[in-house]
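This report refers to the structure that appears directly beneath it.
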Amino acid sequence: MSIAYVCGFVVGILCVAAVFALIGFLWKKKHGAAYGTYDERQILARGNAYKKGFFCLIIYEMVIGCIELATGWKLFADQMTASFIGIILAVTVFALQCIMKDAYCSLSEKAGSVALLMFGLGAWNLVV
């Protein structure tokens, strides 16, 4: 790799970081510092959801590891794929728990706008 390539890569990363910092600054200026804060009930529910997602990942990894050790079967293409599926499963458990306990959106966010954003991102992902 040439030094010009590395410098260009670093400058690109710095430009992206500067744009995100500017967007964050403007967002906080418009909405205030309290935007996106959760109340005590939501913080407790999110903590329990993190715990359930973590234990789900631990149990998943233990089951997959034990099956592979006991039988010698490769259940997935490789270990990375199996671990990634476990991570997706744990994040899904966390998100579902937060949604069921009404701790997914903060008090200052509108659930409809978050749902619309997620729907749009999902549709864009399908298009790509």
Side-chain angles (χ1 to χ4, degrees):
M1 271 193 272
S2 69
I3 190 73
Y5 177 80
V6 173
C7 287
F9 186 79
V10 169
V11 168
I13 294 291
L14 290 175
C15 286
V16 169
V19 167
F20 273 102
L22 180 66
I23 290 172
F25 174 74
L26 294 175
W27 184 270
K28 285 218 185 252
K29 189 174 179 181
K30 180 179 179 186
H31 294 288
Y35 186 82
T37 57
Y38 297 93
D39 65 354
E40 294 84 11
R41 179 195 56 83
Q42 288 176 316
I43 291 171
L44 183 63
R46 288 174 66 86
N48 286 333
Y50 280 127
K51 183 172 62 174
K52 288 179 182 178
F54 175 74
F55 284 127
C56 176
L57 179 63
I58 295 294
I59 291 169
Y60 170 82
E61 291 289 341
M62 292 277 295
V63 167
I64 295 299
C66 289
I67 289 173
E68 286 185 3
L69 281 175
T71 63
W73 299 339
K74 279 292 190 189
L75 298 177
F76 299 101
D78 57 10
Q79 187 62 36
M80 182 65 187
T81 304
S83 294
F84 189 71
I85 289 173
I87 291 169
I88 291 173
L89 181 66
V91 169
T92 302
V93 167
F94 165 74
L96 288 175
Q97 279 294 5
C98 285
I99 290 169
M100 289 187 329
K101 299 292 184 182
D102 194 29
Y104 196 71
C105 297
S106 68
L107 295 175
S108 57
E109 294 175 323
K110 294 184 176 119
S113 63
V114 173
L116 184 63
L117 175 67
M118 294 300 165
F119 179 76
L121 289 173
W124 177 254
N125 198 13
L126 287 175
V127 168
V128 171

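Computed from a prediction, not measured in an experiment: that's the story for all the values here.
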Point to revise | Gap separating the CD1 atom of I59 from the CD1 atom of I64, nearest 0.5 angstrom | key: 12.5 Å

Practice item. Could you list the residues that satisfy side chain to side chain contact (heavy atoms under 4.5 Å, CB included) with A90, not counting sequence neighbours? Key: L57

Practice item. Answer with yes or no whether the hydrophobic clustering places V93 together with I87; edges join I, L, V, M, F, W, Y residues whose side-chain heavy atoms lie under 4.5 Å apart. Key: no

Check your understanding: Does Y5 have any side chain to side chain contact (heavy atoms under 4.5 Å, CB included) partners at least two apart in sequence or in another chain, and if so, which?
Key -> M1, S2

Review point. Taking the hydrophobic residues Ile, Leu, Val, Met, Phe, Trp and Tyr, and joining any pair whose side-chain heavy atoms are under 4.5 Å apart, which ones share a cluster with F55?
Key: F54, I58, M62

**Study point:** Set of side chain to side chain contact (heavy atoms under 4.5 Å, CB included) partners for N48, sequence neighbours left out
**Key:** L44, K51

Check your understanding: Looking only at atom types and distance, does a side-chain atom of Q42 sit under 3.5 Å from a main-chain N or O of D102, one as donor and one as acceptor?
Key -> yes

Review point. Is there a path from W73 to V63 through hydrophobic residues (I, L, V, M, F, W, Y) whose side chains come within less than 4.5 Å of each other?
Key: yes

Check your understanding: Would a 4.5 Å heavy-atom cut-off, applied to side chains only, mark R46 and K101 as touching?
Key -> no

Check your understanding: When rounded to the nearest 0.5 angstrom, what is the spacing between CZ in F9 and CG in L14?
Key -> 10.5 Å

Exercise for review: Could you tell me the separation between the CG atom of L96 and the NZ atom of K52, rounded to the nearest 0.5 Å?
Suggested key: 11.5 Å

Check your understanding: Do you reckon V10 sits in the same ILVMFWY cluster as V16, going by side-chain contacts under 4.5 Å, direct or chained?
Key -> no

Point to revise | By ring pair (Phe, Tyr, Trp, His ring centres under 6.0 Å) - contacts of F94 (at least two apart) | key: Y50

Study note, to complete from the structure: Residues passing the side chain to side chain contact (heavy atoms under 4.5 Å, CB included) test with I85, sequence neighbours excluded, are Y60, F76, T81

